[in-house]
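Single-structure report; data block below.
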Protein chains: 2
Amino acid sequence: MNKGGDASDRAANETEARLSRASVGRLSLYLRRLEILLREGTTKVSSGTLGEALGVTDAQVRKDLAYLGHLGHPGVGYAAPELIDAIRRALGVDREWLAALAGVGNLGRALLRYRGFADRGFRIVALFDADPAKIGQRVEGLEVHSPDAMAELLPALGVELGVLTTPAESAQAVADAMALAGVRGLLTFAPGVLRRPAGVNVVSVDLTVQLEQLAFLVQHGGE
Amino acid sequence: MNKGGDASDRAANETEARLSRASVGRLSLYLRRLEILLREGTTKVSSGTLGEALGVTDAQVRKDLAYLGHLGHPGVGYAAPELIDAIRRALGVDREWLAALAGVGNLGRALLRYRGFADRGFRIVALFDADPAKIGQRVEGLEVHSPDAMAELLPALGVELGVLTTPAESAQAVADAMALAGVRGLLTFAPGVLRRPAGVNVVSVDLTVQLEQLAFLVQHGGE
DNA sequence: GGATGTGAACGACTTCACAGCG
DNA sequence: CGCTGTGAAGTCGTTCACATCC
């Protein structure tokens with residue numbers, strides 16, 4: 001449903017063909033691998049060598065990279081710096097993203113201190129928690145606000161993304177509130193399925209599902 | 001590979017057909033939904049109502065559940081308690097799993113306090129960290145050991161699973177060491193791809209990949 | 001020669017549609 | 001009649017294989 005739609009797209013010239021979810025995930029992996037290779041001095045890489053370390057076939061690598069345009073040089077391979085730039089642009093990590101985090105519990109605090117966010121240009125600039133005891137506290141240099149303040153604060157700060165580390169029960173309400181406050185993407189760690197507010201993209205990291213996945217694999221001797 | 005093998009399986013009659021990874025993930029979601037429904041007093045559920053809240057078609061639900069055996073009652077639906085038991089058995093969460101955690105940093109500590117683990121029968125019984133300053137400390141009632149102690153401790157405790165919250169650089173070495181110590185499944189949070197030791201199953205939760213997935217979706221207006 | 005880009009074959013997963021059972 | 005279980009059809013993603021270009 002809703003295929004082309006009213007798309008208020010700016011001159012979306014390059015990356016037009018549909019990237020599958022799996023492809024996008026692999027692009028992330030290529031990107032990290034390429035950054036390591038470049039740091040080690042490698043400036044040219046072939047689809048075979050790039051895929052090898054990641055367990056991806058060379059054909060798959062070429063298909064994935066073909067979406068970004070004609071970056072490969074037949075007989076030679078890909079130029080690492082060029083490729084890195086192209087993937088960064090395609091993934092949207094060539095700029096900074098402002099995010100708000102809701103649910104300042106154990107996991108929330110851990111994520112606040114997590115380097116990976118900042119390294120990729122994701123900056124958490126606002127904290128929210130429903131617990132009155134936490135409101136007003138400072139965590140990692142940021143004040144904890146009441147969820148009621150979202151409607152005012154998020155647009156003012158220009159926050160585009162939300163990170164949900166609330167209990168499962170409150171996740172949906174917080175997601176809806178964030179959507180109303182103009183957030184366009186949510187990364188949720190709350191177990192369970194979130195009904196996505198209109199115009200909001202959701203990526204879910206459900207630890208319970210992952211754990212059960214693992215238990216299943218081990219139990220059934222999946223290799 | 002290794003289909004029937006030497007499997008020290010107790011009468012493994014039912015769950016024989018291949019469950020896809022996606023199916024297993026959905027079974028987790030069904031399970032949680034069913035538990036909520038049952039708590040609310042619902043004891044019968046049809047494929048349509050079960051799938052609705054999760055965004056899964058009725059046919060898909062039936063296909064998934066068919067792997068577990070003939071549990072459905074035509075014209076009626078499925079009996080929730082029966083179904084819950086069957087899914088628990090299939091996923092292997094009808095028993096306790098002992099796990100060790102390596103990397104007692106922010107994320108590791110957050111996971112230690114995370115309820116979801118214990119709730120599903122995953123018990124963390126040993127901690128490891130390479131930092132000499134941390135070795136000997138007690139965290140959440142558990143002593144932090146040197147990684148060198150794994151070979152001795154893990155088999156003695158009967159640990160089957162490992163949780164990796166180490167930096168990316170050390171993840172592979174720790175994974176290999178755990179494999180040697182008899183661990184059969186790993187849940188890793190280290191960014192990057194792990195080369196899986198023989199006989200070990202790996203589930204990776206790569207936050208960087210998830211973040212970039214989200215940035216991509218938002219950037220390209222994926223709804 | 002060596003490696004890319006890509007149609008074609010293949011395979012895996014999902015949806016359709018319907019027979020069959022309570 | 002309602003809802004399951006399942007072959008058949010359809011869709012999507014991956015691998016193959018090869019023409020093409022440096």
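Just so it is clear, the model here is predicted, and its values are computed rather than measured. Excluded from the calculations below are hydrogen atoms, water molecules and symmetry mates; all remaining heavy atoms, backbone and side chain alike, are included. Naming: A, B, ... by sequence-line order, numbering from 1 per chain.
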Measure from CD on A/Glu82 to P on C/dT4 and round the result to the nearest Å.
13 Å
By nearest heavy atom, map A/Ser23 and A/Arg62 onto DNA chain D; which one lands nearer the 5' end?
A/Ser23
Which pairs, protein N/O on one side and nucleotides 20-22 of chain C N/O on the other, fall under 3.5 Å?
none

Let's see if you can work this out: which of D/dT15, D/dT4, C/dT15 has an atom nearest to the side-chain heavy atoms of A/Lys63?
D/dT15
Answer with base, sugar-phosphate or nothing: what part of the nucleic acid does B/Leu50 contact at a heavy-atom distance below 4.0 Å?
nothing
When you measure from the side chain of A/His70, which nucleotide among C/dG5, D/dT4, C/dC16 comes out closest?
C/dG5
Quick one: do A/Leu34 and A/Thr42 satisfy side-chain contact (heavy atoms from CB on, under 4.5 Å)? Show the steps, please.
CA-CA 9 Å; A/Leu34 285 164; A/Thr42 311; over 6 Å; no
Identify all pairs in which a protein N or O lies below 3.5 Å from an N or O of nucleotides 9-13 of chain C, and state each distance.
none

Can you check the A/Leu19 CG to D/dT14 C1' distance for me, whole Å?
15 Å
Which whole-number value in Å describes the distance from A/Tyr67 OH to C/dG5 C1'?
13 Å
Using distance alone, with no hydrogens and no angle criterion, decide if A/Tyr30 and A/Asp64 have a side-chain donor and acceptor under 3.5 Å apart.
yes
Distance in angstrom units between B/Asp64 CG and C/dT14 C1', rounded
10 Å
Would you please classify the geometry between the A/Trp97 ring and the A/Phe122 ring as parallel, tilted or perpendicular, with 30° and 60° separating the classes?
parallel
Under 3.5 Å, is there a donor-acceptor pair between the B/Arg120 and A/Thr208 side chains?
no
Looking at B/Leu101, B/Val202, B/Thr188, which hits side-chain contact (heavy atoms from CB on, under 4.5 Å) with B/Leu164?
B/Thr188
Around atom CZ of B/Arg115, are there more than 12 heavy atoms from other residues, nucleotides or ligands closer than 6.0 Å?
no
Heavy-atom pair with the smallest gap, counting every atom of A/Arg89 and B/Gln219
O-NE2, 3.0 Å
Axis-to-axis angle across the helix from C/dG1-D/dC22 to C/dG22-D/dC1, five pairs an end, to 10 degrees?
0°
To the nearest Å, give me how far apart CG (B/Leu71) and P (D/dT4) are.
12 Å
Taking atom P of D/dT6 as reference, at what distance in whole Å does atom CG of B/Leu65 sit?
12 Å
Taking only N and O in the side chain of B/Ser47, is any of them less than 4.0 Å away from OP1 or OP2 of D/dC3?
no
Whole angstrom value for the distance that separates P of C/dG2 from NZ of A/Lys44
16 Å
What do the steps show when you test B/Leu187 against B/Val205 for side-chain contact (heavy atoms from CB on, under 4.5 Å), and what is the final call?
CA-CA 7 Å; B/Leu187 178 64; B/Val205 177; 4.0 Å; yes
Taking atom P of C/dT4 as reference, at what distance in whole Å does atom OH of A/Tyr30 sit?
12 Å
Candidate pair B/Val61 and B/Arg26, rule side-chain contact (heavy atoms from CB on, under 4.5 Å), full reasoning
CA-CA 8 Å; B/Val61 172; B/Arg26 283 191 302 268; over 6 Å; no
Under 4.0 Å between a side-chain N or O of B/Tyr78 and OP1 or OP2 of D/dG5?
yes
Count the heavy atoms of every other residue, nucleotide or ligand shown that sit under 6.0 Å from CD of A/Glu52, and state whether that count exceeds 12.
no
Taking all non-hydrogen atoms of both residues, which atom of B/Ala126 and which atom of B/Leu157 are closest, and how far apart?
CB-CD1, 3.9 Å
For B/Asp176 and B/Gln172, does a side-chain donor sit closer than 3.5 Å to a side-chain acceptor?
yes
